[in-house]
Amino acid sequence: MKLSTKTKSVKANPIPISSSQLKGTQWLFFAFCCYLLSQSFTVPILPIGPWALWPCFSDLAFFFIIFTFIRCRRYTTPLSLPNKKIFSIFIIILLGIILSYLCYLATAEPNAVGPPFGAFQLYRLVQYFSSFWLIARIPLTPERLQKMRQIVDGVLIFVSLGVFLTYAGVIPLSLITAHLPKVGAWQYYGNVGEIGTKGLGFVGYNHAYVAAQVMILLILRLHLGSSQKKDISNTTFLILSALTVFISESRSGFAAILFLVSLYLVTKPFYVLIIINMAWILPVLASALGLKGIELNSYEGSIIDRQLTVFQANNTDNLSGRDERWASHLAALDDNQVSWIVGNGFGSAIDRGDNAHMLYLQITSETGLIGVGLFAILFGMILFYLYKIEIKEKPFLWGTVTFLLTAVSQETFYPVPALGQFLGLYLSSVAIVLRTPYLLEESLRNSKGLSETI
């Protein structure tokens with residue numbers, strides 16, 4: 001993820017913070033660490049309310065953050081300038097979406113199925129935007145960032161292990177959701193290992209979500225470790241993540257992780273050589289030990305054959321019916337030309353039989369070109385500040401670019417039920433990456449004294 005031409009990052013000087021202020025926010029930081037830990041198991045834990053709103057550990061951690069923030073608010077820090085500008089765009093987007101949803105409710109057919117989905121999406125956006133604001137107010141010192149990196153390491157390993165264990169059948173998918181009623185999308189989760197994707201792990205019922213969750217954890221981990229010399233561990237996590245996404249059977253995710261790995265390793269030929277050697281040494285070693293090969297098959301056939309279809313995007317047989325969904329949403333827009341400008345209403349996409357399975361068409365279908373314009377402004381701003389602030393390989397910048405590219409086949413940055421908690425974790429990570437750097441006053445004085453002595 002390092003361009004051949006050197007790019008300059010604007011590295012802000014750390015702002016001193018007192019030990020009393022850090023101590024005053026220790027419970028808030030603990031709640032945020034719980035939120036990071038909650039990303040290791042994002043399957044619902046309680047069947048309360050509609051199936052799409054069944055709470056998981058991440059939801060409980062979010063309310064824990066709110067509770068601790070209320071108690072610690074006088075010790076929290078203001079938003080950084082980038083986060084402040086991004087949050088102002090969030091407010092504009094939220095107001096526009098509320099207006100779009102209300103207009104949709106006023107004109108929707110009595111038998112329309114979209115209103116509940118629109119309400120769900122609106123709730124999730126409020127939750128995720130709030131998470132961004134709350135987490136951006138937590139003072140993060142190098143010591144706290146180090147603890148966060150260790151947590152993300154553990155979560156990424158646990159999520160990857162879960163995907164491999166469910167794929168191998170060691171942990172049946174039906175066991176993971178045995179406490180949940182067979183309602184909504186979750187009625188298919190337990191049986192999907194017999195008729196479809198097996199490598200879902202403890203993430204959710206959609207393999208695109210599994211791949212996206214692994215990738216967001218990966219780029220957050222790479223960012224948190226970018227100030228240290230961790231090439232070996234970074235490369236190890238890249239390989240682990242690539243194998244996990246491969247097993248998940250998400251073709252868009254596999255294309256994304258290959259792109260990300262290539263960008264990262266393009267300036268590290270030594271590690272490329274290690275990976276190539278491992279590719280032939282491990283099978284030989286397994287054969288010498290008498291181990292049987294892993295059966296890389298799904299209900300559609302070979303996983304290898306399935307993943308290789310990412311290089312045949314022009315073949316409609318590989319689109320899994322997406323071309324029909326795209327045509328349906330385009331036809332609905334053409335039926336009323338005004339819809340191209342303002343959309344058919346927030347939550348209305350499901351009225352066309354299914355979501356668009358393309359982020360940009362999904363936004364246009366529900367909120368029109370006005371929504372697309374606001375989305376472009378938001379992510380243009382995010383990319384600009386990531387480019388300016390991130391150092392070295394800029395993993396979060398290139399990870400975001402990768403998500404935007406693969407969004408042509410899924411609703412990556414849209415609060416649909418199938419993508420679970422991904423958008424919330426992504427926005428929370430943006431708040432971390434674009435943070436104001438803080439350093440304990442004692443540490444800052446010691447570093448200044450050392451520099452003066454030298």
Side-chain angles (χ1 to χ4, degrees), residues 1 9-12 28-29 32-33 35-36 38-39 58 61-62 65 69 76-94 124-140 144-145 148-149 151-152 155-156 212-227 256 260 359 374-407 411-415 419-438:
M1 284 167 282
S9 300
V10 179
K11 189 175 181 180
L28 179 58
F29 178 68
F32 174 55
C33 289
Y35 175 77
L36 290 177
S38 71
Q39 301 301 321
S58 299
F62 168 69
I65 290 175
F69 179 86
T76 59
T77 53
L79 298 180
S80 65
L81 180 61
N83 282 337
K84 187 181 296 183
K85 290 186 176 181
I86 289 170
F87 188 71
S88 65
I89 301 298
F90 286 165
I91 297 300
I92 296 172
I93 290 174
L94 187 59
R124 283 302 190 198
L125 281 184
V126 172
Q127 178 184 352
Y128 298 155
F129 291 170
S130 300
S131 295
F132 175 91
W133 185 81
L134 292 166
I135 291 167
R137 299 285 303 275
I138 304 173
L140 298 176
R144 286 185 169 183
L145 292 171
M148 288 163 53
R149 184 191 61 77
I151 291 173
V152 173
V155 172
L156 180 54
Q213 185 79 344
V214 170
M215 284 192 60
I216 185 60
L217 290 169
L218 172 65
I219 61 175
L220 179 58
R221 192 267 173 215
L222 293 177
H223 169 82
L224 293 173
S226 60
S227 61
L260 204 60
L359 175 65
L374 287 173
F375 178 86
I377 293 171
L378 172 63
F379 273 87
M381 189 178 294
I382 290 175
L383 291 173
F384 172 78
Y385 282 118
L386 289 175
Y387 176 80
K388 287 291 185 182
I389 292 174
E390 263 202 304
I391 62 175
K392 295 185 179 178
E393 289 89 358
K394 302 181 184 294
F396 209 87
L397 168 68
W398 291 111
T400 300
V401 170
T402 303
F403 282 131
L404 290 171
L405 290 174
T406 55
E411 307 90 348
T412 313
F413 292 115
Y414 216 76
L419 270 295
Q421 298 284 329
F422 167 76
L423 184 56
L425 179 57
Y426 175 82
L427 294 181
S428 300
S429 301
V430 170
I432 296 167
V433 176
L434 302 182
R435 68 193 178 275
T436 298
Y438 290 95

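Separation of atoms CE (M215) and CZ (F422) is listed at 8.5 Å; rounding is to 0.5 Å. For the atom pair CD1 (I389) and CG (L397), the distance works out to 11.5 Å, reported to the nearest 0.5 Å. Here the CZ atom belonging to F32 is positioned 11.0 Å from the CG atom belonging to L134, to the nearest 0.5 angstrom. Between the CG atom of L217 and the OG atom of S429 there is a distance of 8.0 Å, given to the nearest 0.5 Å. The distance from the CG atom of L224 to the CD1 atom of I151 is 10.0 Å, given to the nearest 0.5 Å. Note: Y128 OH to L423 CG = 6.5 Å, rounded to the nearest 0.5 Å.
Partners of R435 according to the salt bridge (charged side-chain N to carboxylate O under 4.0 Å, His left out) rule, which considers only residues two or more places apart in sequence or in another chain, do not exist here. Partners of L404 according to the side-chain contact (heavy atoms from CB on, under 4.5 Å) rule, which considers only residues two or more places apart in sequence or in another chain, are Y360, F375, F379, L383, T400, F413.
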Please tabulate, one pair per line, all N/O donor-acceptor pairs under 3.5 Å involving side-chain atoms of residues 82-91, not counting sequence neighbours.
{"unit_1": "N83", "atom_1": "ND2", "unit_2": "S80", "atom_2": "OG", "d": "3.3"}
{"unit_1": "N83", "atom_1": "ND2", "unit_2": "A431", "atom_2": "O", "d": "3.2"}
{"unit_1": "N83", "atom_1": "ND2", "unit_2": "L434", "atom_2": "O", "d": "3.4"}
{"unit_1": "K85", "atom_1": "NZ", "unit_2": "Y385", "atom_2": "OH", "d": "3.3"}
{"unit_1": "S88", "atom_1": "OG", "unit_2": "K85", "atom_2": "O", "d": "2.5"}

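Considering only heavy atoms from C-beta on, F396 comes within 4.5 Å of V430 through its side chain. Taking the side chain as every heavy atom from C-beta outward, L222 and E393 never approach each other to under 4.5 Å. By the 4.5 Å heavy-atom criterion applied to side chains, H223 and R149 are not counted as neighbours. The closest side-chain heavy-atom distance from S130 to F62 is below 4.5 Å. A heavy-atom distance below 4.5 Å is found between the side chains of I65 and L28. Residues L140 and F29 meet the side-chain proximity criterion, which asks for heavy atoms closer than 4.5 Å. Here the side chains of T77 and T436 are not in contact, with every heavy-atom distance at 4.5 Å or above.
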Would I219 and F403 satisfy side-chain contact (heavy atoms from CB on, under 4.5 Å), going step by step from the backbone distance to the final call?
CA-CA 11 Å; I219 61 175; F403 282 131; 3.9 Å; yes

Full working for side-chain contact (heavy atoms from CB on, under 4.5 Å) between L425 and Y35:
CA-CA 9 Å; L425 179 57; Y35 175 77; 4.2 Å; yes

Yes or no on side-chain contact (heavy atoms from CB on, under 4.5 Å) for Y426 and L419, after CA distance, side-chain angles and deciding distance?
CA-CA 12 Å; Y426 175 82; L419 270 295; over 6 Å; no

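Nearest approach of L386 to K394, heavy atoms of both residues: O-NZ, 4.4 Å.
For Q39 and Q213, the side-chain atoms include at least one donor-acceptor pair closer than 3.5 Å.
The side-chain tip of R137 does not point at the ring of F69 from less than 6.0 angstrom away and within 45° of straight on.
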